[in-house]
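To start, the structure itself, in structure tokens.
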Amino acid sequence: MGSSFGAAMVAAFSSCLVIFSLVCVAAAGNFYQDFDITWGDGRGKSRNEYLFGKIDMQLKLVPGNSAGTVTAYYLSSQGPTHDEIDFEFLGNLSGDPYTLHTNVFSQGKGNREQQFKLWFDPTKDFHTYSILWNPQHIIFSVDGTPIRDFRNNEAKGVPFPKNQPMRIYSSLWNADDWATRAPFIASYSNFNADACVWSRGSTTCSATKDSWMSQGLDAASQQRMIGVQKNYMIYNYCTDAKRFPQGFPPECTIA
């Protein structure tokens with residue numbers, strides 16, 4: 001299943017009017033079939049809920065001085081014990097690289113952040129940001145290159161998102177209480193969800209689900225991911241000793 005993704009949102013902060021927009025770059029027909037725009041809540045959301053799948057989204061991020069803005073594309077369930085899989089793009093001053101922020105929530109607990117500096121200018125052209133979510137892995141990829149693999153370690157006491165269906169959300173918002181400039185525009189294109197749709201307690205999966213339902217990383221993909229993490233990762237919760245003085249989360253010490 002596939003559609004283009006976009007919306008336009010206007011928000012007022014303090015005495016300034018700042019325009020935020022998520023721009024659809026393709027025919028809008030499928031978008032309005034698959035997504036709702038939540039005016040006043042700062043985001044668009046999919047009409048379908050998914051339980052596992054491979055989600056691709058092409059984004060072109062806010063150009064120029066984007067400091068203080070966050071462009072988000074994520075999956076989330078609802079409630080205090082929700083699950084969530086996050087791609088967030090933290091804007092910066094003109095000429096400085098964007099920060100790509102990833103996180104995984106399971107049963108309401110997050111604090112599993114990894115951050116990267118992108119190795120290209122994400123404002124010049126569209127790039128594909130993918131989430132592969134199956135019962136054993138959550139793999140984040142950029143243009144087909146894996147950057148993070150959050151594995152299912154439930155057997156060792158680590159909660160893993162696998163029981164709560166999630167919707168796809170996207171938003172563009174300001175992380176500060178001041179605005180750098182307006183308008184801020186992020187563009188979305190070529191959304192595709194090769195996924196299992198959840199409805200009334202059961203799932204209907206795509207015909208190609210076998211290609212991703214048990215997929216992990218082969219040796220070559222693991223080496224590519226290690227290269228990205230070595231050269232472009234700027235924060236890893238698993239190495240932040242000050243944040244975890246009583247010891248790192250258990251998944252950090254699992255080989």
Side-chain angles (χ1 to χ4, degrees), residues 50-57 70 72-90 97-119 128-166 168-169 175 195-196 211-255:
Y50 303 100
L51 188 62
F52 306 129
K54 185 176 185 298
I55 313 298
D56 299 316
M57 188 83 79
V70 177
Y73 146 50
Y74 60 101
L75 283 74
S76 182
S77 61
Q78 298 297 308
T81 59
H82 77 290
D83 295 337
E84 186 171 323
I85 304 170
D86 293 342
F87 263 123
E88 295 185 355
F89 304 87
L90 314 182
Y98 258 80
T99 296
L100 169 56
H101 175 100
T102 66
N103 201 357
V104 175
F105 287 74
S106 51
Q107 299 179 17
K109 181 181 178 181
N111 300 324
R112 298 183 175 98
E113 301 92 342
Q114 290 184 354
Q115 294 183 342
F116 305 81
K117 290 297 185 185
L118 291 172
W119 51 94
T128 302
Y129 304 90
S130 304
I131 295 170
L132 172 65
W133 171 37
N134 64 35
Q136 296 302 320
H137 297 268
I138 297 171
I139 300 172
F140 298 80
S141 299
V142 178
D143 289 335
T145 296
I147 64 171
R148 179 178 186 179
D149 182 6
F150 184 83
R151 293 175 292 167
N152 185 337
N153 284 300
E154 285 182 312
K156 299 184 179 179
V158 181
F160 185 85
K162 70 172 190 179
N163 297 314
Q164 300 187 68
M166 295 194 260
I168 302 168
Y169 295 89
C196 296
S211 66
W212 51 261
M213 185 60 84
S214 60
Q215 182 180 343
L217 296 178
D218 59 20
S221 296
Q222 289 180 4
Q223 287 303 310
R224 292 165 64 200
M225 182 180 71
I226 290 170
V228 169
Q229 293 180 350
K230 178 181 179 180
N231 293 309
Y232 300 104
M233 181 184 286
I234 59 171
Y235 178 80
N236 183 0
Y237 74 111
C238 282
T239 61
D240 191 345
K242 292 182 179 179
R243 186 176 178 187
F244 300 103
Q246 305 304 318
F248 291 113
E251 66 268 22
C252 295
T253 57
I254 298 172

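Quick note: residue numbers are just sequence positions, from 1. Both backbone and side-chain heavy atoms feed into the values below; hydrogens, waters and symmetry mates do not.
By the 4.5 Å heavy-atom criterion applied to side chains, Ile55 and Tyr129 are not counted as neighbours. Inter-residue side-chain proximity for Ile147 and Leu100 is flagged as met; some heavy-atom pair is nearer than 4.5 Å. Looking at heavy atoms from C-beta onward, Asp83 lies in side-chain contact with Met166 at the 4.5 angstrom threshold. No side-chain heavy atom of Leu118 sits less than 4.5 Å from a side-chain heavy atom of Pro97.
The two residues Ile139 and Pro146 come nearest to each other via the heavy atoms CG2-CB, 4.1 Å. Counting all heavy atoms, side chain and backbone alike, Phe140 lies closest to Asn103 at CZ-O, 3.9 Å. Pairing each heavy atom of Pro250 with each of Lys156, the nearest pair is CB-O, 4.4 Å. Closest heavy-atom contact between Phe160 and Ile138: CZ-CG1, 3.8 Å. Here the closest non-hydrogen pair linking Phe87 and Ser141 is CZ-O, 3.7 Å. Here the shortest heavy-atom pairing between Pro161 and Val104 reads CG-CG1, 4.1 Å.
Ile168 contributes atom CD1, which lies 11.5 Å from atom OG of Ser76 (distance to the nearest 0.5 angstrom). For the atom pair Leu132 CG and Met213 CE, the distance stands at 10.0 Å (nearest 0.5 Å). Phe105 contributes atom CZ, which lies 10.5 Å from atom OG of Ser77 (distance to the nearest 0.5 angstrom). The CD atom of Gln223 lies 11.0 Å from the CG atom of Leu217; values are rounded to the nearest 0.5 Å.
Not a single donor-acceptor pair under 3.5 Å links the side chain of Asp86 to the backbone N or O of Thr102. With hydrogens and angles disregarded, no donor-acceptor distance shorter than 3.5 Å links the side chain of Gln215 to the backbone of Asn134. No donor-acceptor pair closer than 3.5 Å links the side chain of Asn153 to the backbone N or O of Val158. Between the Arg224 side chain and the Gly144 main chain, a donor and an acceptor come within less than 3.5 Å of each other.
Residues passing the side-chain contact (heavy atoms from CB on, under 4.5 Å) test with Gln229 are Gln114, Phe116, Met225, Met233, sequence neighbours excluded. Every residue meeting the side-chain contact (heavy atoms from CB on, under 4.5 Å) condition with Tyr235, not counting sequence neighbours, appears here in chain and number order: Glu113, Gln115, Tyr237, Asp240, Arg243.
In this structure, Tyr232 and Trp119 have tilted ring planes: the angle between them lies in the 30° to 60° band.
When each of Asp56, Thr145, Val142 is checked for a side-chain contact (heavy atoms from CB on, under 4.5 Å) with Thr128, only Asp56 meets the rule. Checked against Tyr169 for a ring pair (Phe, Tyr, Trp, His ring centres under 6.0 Å), the options Tyr73, Tyr74, Tyr50 give a single hit: Tyr74. Considering His82, Arg112, Glu84 as possible partners of Ser106, the one that fulfils the side chain to side chain donor-acceptor pair (under 3.5 Å) test is Arg112.
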Practice task
Under the side-chain contact (heavy atoms from CB on, under 4.5 Å) rule, what do Gln136 and Ser214 come out as? Steps first, then yes or no, please.
Solution key: CA-CA 7 Å; Gln136 296 302 320; Ser214 60; over 6 Å; no
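The number of heavy-atom neighbours closer than 6.0 Å to NZ of Lys117, taken from other residues, nucleotides and ligands shown, is above 12.
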